[in-house]
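Chain letters run A, B, ... following the sequence lines, proteins first, then strands; residues in each count from 1.
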Amino acid sequence: MPNRFAVIDFETSGLSPTVGCRATEVAVVLWQDGRELDCYHSLMNAGVRVPADIERLTGISNAMLRTAPPAATVMREVADFVGDIPLVAHNAAFDRKFWDHELGLLGRQRRQDFACTLLLARRLLPHAPDHKLGTLTRWAGLPDAGRAHRALADARMAAHLLQYLLETAERQHRRPGLCHPQLCQLQKVPAGKVSDFLRNL
DNA sequence: TGCCAGGCCCTCTTTAGGGCCTT
């Protein structure tokens, strides 16, 4: 059975759907056995205005969104693309709440858990300068995937980081090929118990 | 005009506070 992951990243109009923020761009990288198999990427028009500071951060302008496909169309496509493949994101709590919210607007529900490269990096890479996606990418010497804070580049960076984390677990703890349920368990283990947890898997 | 969230994790903690991350 191949070890497959759907690594997802949203760009949004703000930090939380609970205050009216919506997704503006989504990308999913289908990652299997250390390489990208396929990807989905689209801007999405949810009918919200992007604040100027977020326009500057992401480079996604309101003019770009006016001509983007409707959010509902994009979400149907990306949900069908992902299917029941296990999801991964950097700071998954953020992407999970937008995934759940946007699917909810379609009357659909999430079908799988999220693994989080931020939580995993805090456990497996405790000596990194910090655990921002960009910092970890540079610190670990991972490939430059393009402009940061665009969904496809960030999803590709997170996919390479996931691979680096899997290889770190293999190199440091002799645990090859951790699967998604094991990653979801590992990300909740107290930082001082990582070696014990991996040894006893 | 400026601000808005929330889960995780550490510590000067646990009857709490604040930094880290995401946009």
Figure out the CZ/P separation between R122(A) and dC10(B), and round it to whole Å. 8 Å
Which part of the nucleic acid, if any, lies within contact of F98(A), taking any heavy atom under 4.0 Å across all strands shown: a base, the sugar-phosphate backbone alone, or nothing? nothing
Roughly how many Å is it from CG in L133(A) to C1' in dC20(B), rounded to a whole number? 14 Å
Partner of H90(A) under side chain to side chain contact (heavy atoms under 4.5 Å, CB included), picked from L136(A), L119(A), V7(A), L162(A), is L136(A)
Taking dG2(B) as the reference, what is the distance to dT23(B) when you measure between their P atoms (whole Å, please)? 23 Å
Is a donor from one side chain sitting under 3.5 angstrom from an acceptor on the other, for N3(A) and Q32(A)? no
Nearest-Å distance, CG (L15(A)) to C1' (dC20(B))? 13 Å
Length of the CG-C1' vector between D95(A) and dA5(B), whole Å: 14 Å
Touch class at under 4.0 angstrom, heavy-atom based, for D9(A) against every strand present: sugar-phosphate
Are any of the side-chain nitrogens in R108(A) or D80(A) under 4.0 Å away from the carboxylate oxygens of its partner? yes
Between F98(A) and R22(A), is there a side-chain heavy-atom distance shorter than 4.5 Å? no
Among dC21(B), dT23(B), dA5(B), find the nucleotide with the atom closest to the side chain of T12(A). dT23(B)
Using atom P of each nucleotide, how far apart are dC4(B) and dC10(B) to the nearest Å? 26 Å
Taking any heavy-atom pair under 4.0 Å as a contact, classify E25(A): base, sugar-phosphate, or nothing. nothing
Between dT22(B) atom C1' and N91(A) atom CG, what is the distance in whole Å? 4 Å
Just call it for T58(A): base, sugar-phosphate, or nothing, with non-hydrogen atoms closer than 4.0 Å on any strand. sugar-phosphate
For DNA chain B, whose closest nucleotide is more 5', that of S16(A) or that of S13(A)? S16(A)
Quick one: which of dC21(B), dT23(B), dA5(B) gets closest to the side chain of V19(A)? dA5(B)
5'-most contact on DNA chain B: Q187(A) or T24(A), nearest heavy atom basis? Q187(A)
For dG6(B), take OP1 and OP2 only and decide whether either is under 4.0 Å from a side-chain N or O of T18(A). yes
Between dC20(B), dT22(B), dT23(B), which one does the side chain of E11(A) approach most closely? dT23(B)
Would you kindly give the CD1-to-P distance between I54(A) and dC4(B), to the nearest whole Å? 13 Å
Given the P atoms of dG18(B) and dC12(B), what is the spacing between them in whole Å? 14 Å
Do we see a donor-acceptor contact under 3.5 Å between the side chains of T58(A) and H149(A)? no
Could you name each residue pair satisfying ring-ring contact (aromatic ring centres under 6.0 Å, His included) that touches residues 151-196 of chain A, not counting sequence neighbours? W31(A)-H160(A)
Without decimals, in angstroms, what is the distance between M157(A) CE and dC21(B) P? 15 Å
Whole Å only: how far is the CZ atom of F114(A) from the C1' atom of dT22(B)? 13 Å
Looking only at atom C1', what distance separates dG19(B) and dT1(B), rounded to whole Å? 27 Å
How is D130(A) classified with respect to the nucleic acid when contacts are heavy atoms under 4.0 Å: base, sugar-phosphate, or nothing? sugar-phosphate
Answer yes or no: does a side-chain N or O of H90(A) lie under 4.0 Å from OP1 or OP2 of dC21(B)? no
